[in-house]
Amino acid sequence: MSFLLIVAVLLGVLVTARLLNVVQLASTLSGEDKEQTQVRHDKWNSIGLMIFMVVGLLLMIYMTIKYKPFMLPTAASVHGAETDFLLNINFAIIGIVFFATQIALFWFVYKYRHTKDRRAYFYPENMKLEMLWTIIPAIVLSALIITGLSSWNKITKAVNSDADHVIQVYGYQFNWLARYAGDDKALGKSNFRLIGDGNPLGVDFSDPAAADDKITGTTEMYLPVGQSILFEFNSRDVLHSAYFPHLRTQMNCVPGMTTKFYVEPTITTAEMRKITGNDEFDYVLVCNKICGVAHYTMKMKVVIVEPAEYEAWLEGVDLVIPQPEVEPAAATEIENTTEPEQTEGSAV
């Protein structure tokens, strides 16, 4: 069906081209003045461009409205709401400039199309106009950059004492691990040389700070709503990018160094399911860098819950440092208190 549609479009273009050739040939044979012919063509071309502009702008508005539901839902973090606000300001400015320039472009083609009574005016320079369209964009862009940097500095403040929780996000081909700091809000040191089957993060067990660290599996991560979290990102192998789309959080995981990000969730998973009307909605952590053949599988479920539920969940999470197995108590011999049976002939 698609092949037939393409063939039909191509045939339509060819037929239109031939018709235009016939019209041009007919005007030549009729002895019509070439200048009048050119004026008529310019008029219809300019009208066609105006129609194209109207249809194009209306189609863009329609598509924007139609596909808006497929965009990310409400930001679920404090800084996410702020970045969305800044992004909307950028879209508003870009939209105003886009509509203004496109309408002016097509309108000038229509209004100043060629006629025999109009000649182009030689206008080599205008310093006032040059200053106007240089200074105004510079002021607008400076304001956007300054507000953006201010927000970025606020988002990326990474001071342990400021955060209620410290969580390490550890990426490797092709999965994630999460390590939660204990009450000391400090993660134990780690070294890639210490990585092994029983120590996937290479944690230095001799570091006292690691004693209360806890590690989750690769399937899900829990976060408390309304509390600040300092994320520390690391990678075992290649460059990954930890992306929490609904929290509007993304940070590269770089081998050999630690990157940090500060976030405070504001909407629980249950609340977001009501907002989206999707009972199966889940927050996710995905890799936003192409890190290998199974990059698309690098995904972890994120559950945002109330602080009390979070603390209850964390209680059941395993400590990073393996706990020594308790030796079973030695079995005690039980004396046989049963009296021996008397045999025949035994003395009484």
Side-chain angles (χ1 to χ4, degrees), residues 74-86 148-171 176-190 201-204 207-217 220-235 240-254 257-269 271-272 283-286 288 300-321:
T74 305
S77 66
V78 172
H79 80 265
E82 186 171 350
T83 54
D84 278 3
F85 174 73
L86 293 175
L149 284 175
S150 175
S151 297
W152 177 253
N153 291 333
K154 186 189 306 182
I155 292 167
T156 55
K157 64 175 181 178
V159 181
N160 290 9
S161 59
D162 288 344
D164 297 317
H165 305 276
V166 180
I167 302 174
Q168 178 190 30
V169 174
Y170 192 85
W176 301 100
L177 285 172
R179 177 163 58 125
Y180 291 73
D183 295 333
D184 58 359
K185 298 182 182 180
L187 293 167
K189 296 178 182 178
S190 62
L201 298 180
V203 177
D204 184 357
D207 184 1
D212 58 355
D213 290 354
K214 295 188 173 185
I215 184 172
T216 68
E220 62 183 12
M221 170 197 304
Y222 273 64
L223 302 177
V225 70
Q227 295 185 351
S228 56
I229 300 165
L230 174 65
F231 280 114
E232 296 189 3
F233 301 97
N234 299 95
S235 171
H240 300 284
S241 184
Y243 179 38
F244 300 84
H246 304 95
L247 300 180
R248 310 297 194 265
T249 299
Q250 176 174 301
M251 182 59 71
N252 284 345
C253 303
V254 184
M257 68 180 293
T258 298
T259 52
K260 300 182 179 183
F261 208 99
Y262 186 87
V263 66
E264 181 179 332
T266 56
I267 303 175
T268 65
T269 299
E271 291 170 341
M272 186 59 81
Y283 293 109
V284 291
L285 163 63
V286 296
N288 209 23
M300 176 185 275
K301 176 182 174 182
V302 178
V303 184
I304 301 179
V305 295
E306 296 294 337
E309 186 177 349
Y310 168 78
E311 294 295 339
W313 170 83
L314 193 60
E315 285 293 326
V317 177
D318 294 333
L319 292 170
V320 169
I321 300 178

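Scope of the values below: all heavy atoms of this structure, side chains included, with no hydrogens, waters or symmetry mates.
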Requested in this report: Tell me, please, which residues at least two apart from Glu264 pass salt bridge (Lys or Arg N to Asp or Glu O under 4.0 Å).
Outcome: none
Report summary line: Residues Val302 and Val284: closest non-hydrogen pair is CG2-C, 3.8 Å
Query raised in the report: Is the side chain of Asn252 donor-acceptor paired with the backbone N or O of Val254 at a distance under 3.5 Å, no angle test?
Result: no
**Report entry** Spatial distance of atom CZ (Phe233) from atom OG1 (Thr249) [nearest 0.5 Å]
**Finding:** 7.0 Å
Query raised in the report: Distance from Leu285 atom CG to His246 atom NE2, nearest 0.5 Å?
Result: 12.0 Å
Query - Heavy-atom side-chain proximity of Val305 to Pro224 below 4.5 angstrom - result: no
Report summary line: Heavy-atom closest pair (Val169 atom, Phe244 atom, distance to 0.1 Å) is CG2-CZ, 4.4 Å
Report task. Check Glu271 against Thr266 and note the closest heavy-atom contact, atom names and distance. Result -> OE1-O, 4.2 Å
**Report entry** Minimum heavy-atom distance between Ala76 and Leu247, given as atom pair plus value
**Finding:** O-CD2, 3.3 Å
**Report entry** Ile304 backbone acceptor or donor facing Thr269 side chain under 3.5 Å
**Finding:** yes
Query raised in the report: Checking Asn288 side chain against Tyr243 main chain: does a donor-acceptor pair fall under 3.5 Å?
Result: no
Query raised in the report: Say you draw a straight line from CE of Met272 to CD1 of Ile267; how long is it, rounded to the nearest 0.5 Å?
Result: 4.0 Å
Requested in this report: Using side-chain contact (heavy atoms from CB on, under 4.5 Å) as the criterion, list what pairs up with Asn234, not counting sequence neighbours.
Outcome: Gln168, Tyr170, Thr258
Requested in this report: Find the distance between CH2 (Trp313) and CD (Glu220) and round it off to the nearest 0.5 Å.
Outcome: 7.0 Å
Report task. Could you check Phe261, Trp152, Phe85 and say which one makes a ring pair (Phe, Tyr, Trp, His ring centres under 6.0 Å) with His79? Result -> Phe261
Query raised in the report: Can you tell me if Asp164 uses its side chain to pair, donor with acceptor, with the backbone of Gln227 under 3.5 Å?
Result: no
Report summary line: Separation between CD1 (Ile167) and CZ (Arg179), nearest 0.5 Å, reads 12.0 Å
Requested in this report: Grab the two heavy atoms, one from Arg248 and one from Thr74, that are nearest each other, plus how far apart they are.
Outcome: NH2-C, 4.0 Å
Query raised in the report: Does Pro265 reach the side chain of Ile229, with side-chain heavy atoms less than 4.5 Å apart?
Result: yes
Report task. Return the minimal non-hydrogen interatomic distance between Asp212 and Ala209, and the atom names on each side. Result -> OD1-O, 3.2 Å
Query - Any donor-acceptor pair under 3.5 Å from Tyr222 side chain to Glu309 backbone - result: no
Query raised in the report: Between atom OH of Tyr283 and atom NZ of Lys301, what is the distance when rounded to the nearest 0.5 Å?
Result: 13.0 Å
Query raised in the report: Does any non-hydrogen side-chain atom of Trp176 lie less than 4.5 Å from one of Met221?
Result: no
